[in-house]
Amino acid sequence: MNSILAQNDMKLLQINGVWVKDPDADSWGPVNNFEWTSGSGRVMTGLMTGSRQYHKYKLPLTWSRISETDMLIIQQLLEDHGDYIPVRFYHRCGYISIEVYSSTVTPKGIFCVNGEVFYEKCTVDLIER
């Protein structure tokens with residue numbers, strides 16, 4: 001498993017205690033969404049009703065030209081450890097730790113280079129519990 005790193009290497013994403021290959025820079029943008037009270041929404045006058053309760057993170061992630069080994073490590077960390085997975089990620093000058101559930105890990109575009117298998121792209125969304 002070539003994705004496990006020395007402790008002093010700065011990385012962006014840790015899944016279930018394992019530092020993984022950094023996602024693509026243009027996909028790295030943790031979104032901090034508001035959660036609303038039950039029954040919130042637009043009324044017939046067009047105004048919004050309800051109130052904001054708290055923020056909830058979503059991490060839309062993409063890896064380009066990812067090795068099959070790295071993709072399988074990420075997939076196993078997300079799919080083989082129960083409903084919610086501990087995640088630690090870098091955002092705004094520090095690390096944030098949350099529990100997440102994930103969308104399906106979706107690899108696309110398989111190809112080989114010098115006998116090693118790669119995927120053109122792999123995507124997954126991590127959503128805070």
Are [X] and [Y] connected in the hydrophobic side-chain network, where two residues link if heavy atoms are under 4.5 Å apart?
X   : Y   : value
W28 : M10 : yes
F89 : I73 : yes
I15 : Y95 : yes

### Message
Strictly distance-based, threshold 3.5 Å: is any side-chain N or O of D125 a donor or acceptor partner for the main-chain N or O of S103?
### Response
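No: the side chain of D125 does not pair with the backbone of S103.
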### Task
Spell out, as yes or no, whether a donor-acceptor pair under 3.5 Å connects the side chain of T106 to the backbone of T104.
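Pair found, side chain donor or acceptor close to backbone of T104.
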### Task
Please name the pair of heavy atoms, one in D22 and one in L13, separated by the smallest distance, quoted to 0.1 Å.
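Smallest interatomic distance, heavy atoms only, reads OD1-N, 4.3 Å.
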#### Entry: Closest heavy-atom pair and its distance - G29, P60
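For G29 versus P60, the nearest heavy atoms are O-CD, 4.1 Å.
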### Task
Output all residues satisfying salt bridge (charged side-chain N to carboxylate O under 4.0 Å, His left out) with E99, sequence neighbours left out; order by chain, then residue number.
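With neighbours one apart ignored, the set is R129.
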Between [atom1] of [X] and [atom2] of [Y], what distance do you get to the nearest 0.5 Å?
X    : Y    : atom1 : atom2 : answer
Y101 : L78  : OH    : CG    : 13.5 Å
R42  : L47  : CZ    : CG    : 8.0 Å
I98  : I127 : CD1   : CD1   : 9.5 Å
K11  : R88  : NZ    : CZ    : 14.0 Å
I96  : Y57  : CD1   : OH    : 3.5 Å
I66  : F118 : CD1   : CZ    : 10.0 Å

### Task
Would you please name every residue forming a side-chain contact (heavy atoms from CB on, under 4.5 Å) with R65, sequence neighbours left out?
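Residues passing side-chain contact (heavy atoms from CB on, under 4.5 Å) with R65: F111, E120.
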### Task
State which residues pass side-chain contact (heavy atoms from CB on, under 4.5 Å) with I110; sequence neighbours excluded, sorted by chain then number.
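Only V117, Y119 meet the side-chain contact (heavy atoms from CB on, under 4.5 Å) criterion with I110.
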### Query
Can you find a side-chain donor-acceptor pair between T62 and D24 that sits under 3.5 Å?
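On atom types as modelled, these side chains do not qualify, holding no pair under 3.5 Å.
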### Task
Measure the shortest side-chain to side-chain distance between I74 and L61 over non-hydrogen atoms and say whether it is less than 4.5 angstrom.
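A side-chain contact is absent here, since even the closest heavy-atom pair is not under 4.5 Å.
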### Query
For the side-chain contact (heavy atoms from CB on, under 4.5 Å) test, which of D70, T123, V124 pairs with W63?
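The single option meeting the side-chain contact (heavy atoms from CB on, under 4.5 Å) with W63 is V124.
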